[in-house]
Amino acid sequence: MSIKYRKPKGTRDLMLLEMERWQWCESKWREVLARFGYGEIRTPSFESTSLFTRSVGSGTDIVDKEMYTFESKGGESFSLRPEATASVVRAYLENGLTRQPGTVKFYYMGPMFRYDRPQAGRYRQFHQVGVEAIGSSSPVLDAEVVRCATSLFEAVGADDLTVQVNSIGCENCRPSYVDDLRSWAQGKKDEFCDTCVSRVESNPLRLFDCKNEGCQKLLADFKPISEALCDDCKDHHTQFCDTLDALSVRYENDDSLVRGLDYYTRTTFEISAGSGLRQSALCGGGRYDYLIGQCGGPTTPAVGFSAGVERIVRHLYNQEYDHQRSRQSIVDVFVVCMNRQAQQFALQHADKLRSVCRVEIDTTDRGVKAQMKAAVSRESSVVLIVGDDEINNNQFQMKNMETGQQLPVSNEDLIAAVQEVLAK
RNA sequence: GUGGAUGUAGCUCAGUCGGCAGAGCCCCUGGUUGUGGUCCAGGUGGUCGUGGGUUCAAGUCCCAUCAUCCACCCCA
């Protein structure tokens, strides 16, 4: 068969058994997020390009080479969202929530878009579940956000996780550290790898991201950022860690944890799967105390995270595709029809059953035997059979699939009779 | 952007030295006028990813191209 259309590279069709898994996860997560006091927010899938370039930061891979950017007919530049934090911040400001008392807590679930080369656990359209807690600078909130993330994983049975935390300082202490790092690294350009050399100018902190052993050995000579933090940042990080301890969240400090987005301040964290998977990062987040101010709002502290749904599901089931024939949805009542007249009779009279249970009316024109097999595979408890005899007598044959018992049931008694069987 | 592997039925895959396109599962029909996961018999379904080349002959060899997967990179 030659198929005319194919899905765009790096996208997926989500259905059948896998869709059921997603829905199960999503319902668990909504429950947890509500218990942490988060309300859902749904923002547009695309925004003004400048929102992302200014917040995520030019110089990051995400905005430099991974955005789906297009021009509207009015000549304005838009981009599909590569992440959600910028959109949430924009919505927070645009809807006047700055005057909302207390901490504003939003969660989101939805598709994000990045023009990457697809790979295991990496897609061009992927899904994130995440939170943003806006309005508090307390390190206790940082810890609560991390705890919320681990609760999300626990809720769906994901264990074997590693939580890494770090602090990358604030505008008082980070700039001088970055300057020191840059001038130190400039003197050793010959010894770093090519990508590191370009980072020395654009974003020196990212040097710590490099997996090249030679680069890491060089960096070992330079003081880690934890030793360069100002007193306020040190206190913040200490209280953050103390609170995690009090919550019994297991974590490790990692000086090299520098995230790929520009807007983070102080706390950054990442949660990854312990198994040998390549794309092991399941969740990343941190504090961003200047972003809202940069977007034109009042200086407002905030913290959040976002987790990759595809990666979590893969971690849970250790596979992302079901090659087994996936089942169709389960029904309570399956109606076997002998012919087209019977189909019409069935829809007309069994329709009322749909107010109390799940009903499938078979309109495939295949034989009774095949329809009965379909009833079994749909796990129906009751089969109704309609042919010319039943139409003439205004009734259905009702078969209890568990006991095999079958009797005629008049239209008037149908709901009661079906419910009696389903109740058992 | 760079490198590697793989493309044969709806799905999972065989296909030898170049010689008629295959199996299992699924699906449909019958065995049972209108009744089940088992059993038996039969059947539908293929541009062998696509385009060229070599050859009497190409799923098989060569070239190109596309797609998918994997890795680098980056991240979720």
Under-3.5 Å N/O pairs linking protein and nucleotides 39-45 of chain B:
none

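Between A/I330 atom CD1 and B/rG37 atom C1' there is a gap of 15 Å when expressed in whole angstrom units. Between the C1' atom of B/rC75 and the CD atom of A/Q125 lies a distance of 17 Å, rounded to the nearest Å. Look at CZ on A/F113: it is 16 Å from P on B/rA76, rounded to the nearest Å. Rounded to an integer number of Å, the gap from A/R6 CZ to B/rC69 P is 11 Å. When rounded to the nearest whole Å, the span between CZ of A/R340 and C1' of B/rG34 equals 18 Å. A/D362 places its CG atom 9 Å from the P atom of B/rC28, with the value rounded to the nearest Å. Between the CD1 atom of A/I312 and the P atom of B/rA76 there is a distance of 12 Å, given to the nearest Å. Here B/rC75 presents its C1' atom at 12 Å from CD of A/E83, a figure rounded to the nearest Å.
Set against B/rC75, B/rC69, B/rU35, the side chain of A/I385 has B/rU35 as its closest nucleotide. Which of B/rU35, B/rC74, B/rA76 sits closest to the side chain of A/Q128 comes down to B/rA76. The listed nucleotides are B/rG34, B/rG37, B/rU68; the one nearest the side chain of A/K9 is B/rU68. Distances were taken from every side-chain heavy atom of A/K373 (C-beta onward) to each of B/rU35, B/rG36, B/rA76; the shortest belongs to B/rG36.
Take A/R6 and apply the side chain to side chain contact (heavy atoms under 4.5 Å, CB included) test, not counting sequence neighbours, and it matches no residue. Residues passing the side chain to side chain contact (heavy atoms under 4.5 Å, CB included) test with A/Q23 are A/M19, sequence neighbours excluded.
Residue A/R366 has a polar side-chain atom (N or O) positioned under 4.0 Å from OP1 or OP2 of B/rC28. Contact between the side-chain N/O atoms of A/Q397 and the OP1/OP2 oxygens of B/rU35 is not found at any separation under 4.0 Å. For the pair A/Q119 and B/rA71, the criterion of a side-chain N or O lying under 4.0 Å from OP1 or OP2 is met. Contact annotation: A/R124 does not reach the phosphate of B/rA76 (side-chain N/O to OP1 or OP2, under 4.0 Å).
Under the salt bridge (Lys or Arg N to Asp or Glu O under 4.0 Å) criterion, the residue pairs touching residues 131-148 of chain A are A/K105-A/E144, A/D142-A/R287, A/R147-A/E154, with sequence neighbours excluded.
Judged purely by distance below 3.5 Å, without hydrogens or angles, the side chains of A/N394 and A/N411 pair a donor atom with an acceptor atom. Side chains of A/R30 and A/Y107: a donor-acceptor N/O pair is present below 3.5 angstrom, by distance only. Between the side chains of A/T363 and A/Q343, not a single donor N or O lies within less than 3.5 Å of an accepting N or O.
When the C1' atom is compared between B/rG37 and B/rC25, the two are found 15 Å apart, to the nearest whole Å. For the P atoms, the distance from B/rC28 to B/rG36 is 14 Å, rounded to whole Å. Distance check on atom P: B/rA41 versus B/rU32 gives 15 Å, rounded to whole Å. When the C1' atom is compared between B/rG52 and B/rC73, the two are found 35 Å apart, to the nearest whole Å. One C1' atom belongs to B/rA14, the other to B/rG7, and the distance between them is 15 Å to the nearest Å. The separation of B/rU60 from B/rA21, taken at their C1' atoms, amounts to 13 Å, rounded to a whole angstrom. One P atom belongs to B/rU6, the other to B/rG49, and the distance between them is 13 Å to the nearest Å. To the nearest whole angstrom, the two P atoms, one in B/rC39 and one in B/rC26, are 9 Å apart.
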- [ ] Quick one: do A/D365 and A/N339 satisfy side chain to side chain donor-acceptor pair (under 3.5 Å)? Show the steps, please.
- [x] CA-CA 6 Å; A/D365 302 323; A/N339 52 46; over 6 Å; no
Open item on the list: Please evaluate residues A/S272 and A/T162 with respect to the criterion side chain to side chain donor-acceptor pair (under 3.5 Å), reporting the C-alpha separation (whole Å), side-chain torsions for both, the decisive distance (0.1 Å), and the verdict.
Closed with: CA-CA 5 Å; A/S272 43; A/T162 311; 4.7 Å; no
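Stretches of at least 3 consecutive Watson-Crick or G-U wobble pairs, with each checked distance under 3.5 Å, appear in RNA chain B as B:1-7 with B:66-72, B:10-13 with B:22-25, B:27-31 with B:39-43, B:49-53 with B:61-65.
The aromatic rings of A/F70 and A/F78 are tilted relative to each other, their planes meeting at an angle between 30° and 60°. Ring geometry, A/F396 versus A/F345: the interplanar angle falls from 30° to 60°, so the pair is classed tilted.
The ring of A/Y263 has its center closer than 6.0 angstrom to the ring center of A/Y288. Ring pair A/F46/A/F113: centre-to-centre distance not below 6.0 Å. Between A/F240 and A/H236, the ring centre distance reaches or exceeds 6.0 Å.
Across all strands shown, A/K65 has no heavy atoms under 4.0 Å from either base or sugar-phosphate atoms. Within the nucleic acid shown, A/N400 comes within 4.0 Å of at least one base atom, counting heavy atoms only. Across all strands, A/M112 comes closer than 4.0 Å to no nucleic acid atom at all (heavy-atom distances). Residue-level contact check: A/E390 touches the bases, meaning some heavy atom is under 4.0 Å from a base atom.
Comparing A/G387 and A/Y115, the nucleotide of RNA chain B nearest to each residue sits closer to the 5' end for A/Y115. Between A/D389 and A/D365, the one whose closest nucleotide on RNA chain B sits nearer the 5' end is A/D365.
Under the 4.5 Å side-chain criterion, counting only non-hydrogen atoms from C-beta, A/M109 is not in contact with A/R42. Counting heavy atoms from C-beta outward, A/S167 and A/T267 have side chains that stay 4.5 Å or more apart.
On a pure distance criterion of 3.5 Å, a polar donor-acceptor pair joins the side chain of A/R117 and the base of B/rU2. With hydrogens and angles ignored, no donor-acceptor pair closer than 3.5 Å exists between the side chain of A/E66 and the base of B/rC73. Side-chain to base pairing of A/R122 with B/rC73: one donor and one acceptor N or O lie within less than 3.5 Å of each other.
Listed by residue number, the members of residues 403-412 of chain A with any heavy atom below 4.0 angstrom from RNA chain B are A/G404, A/Q406.
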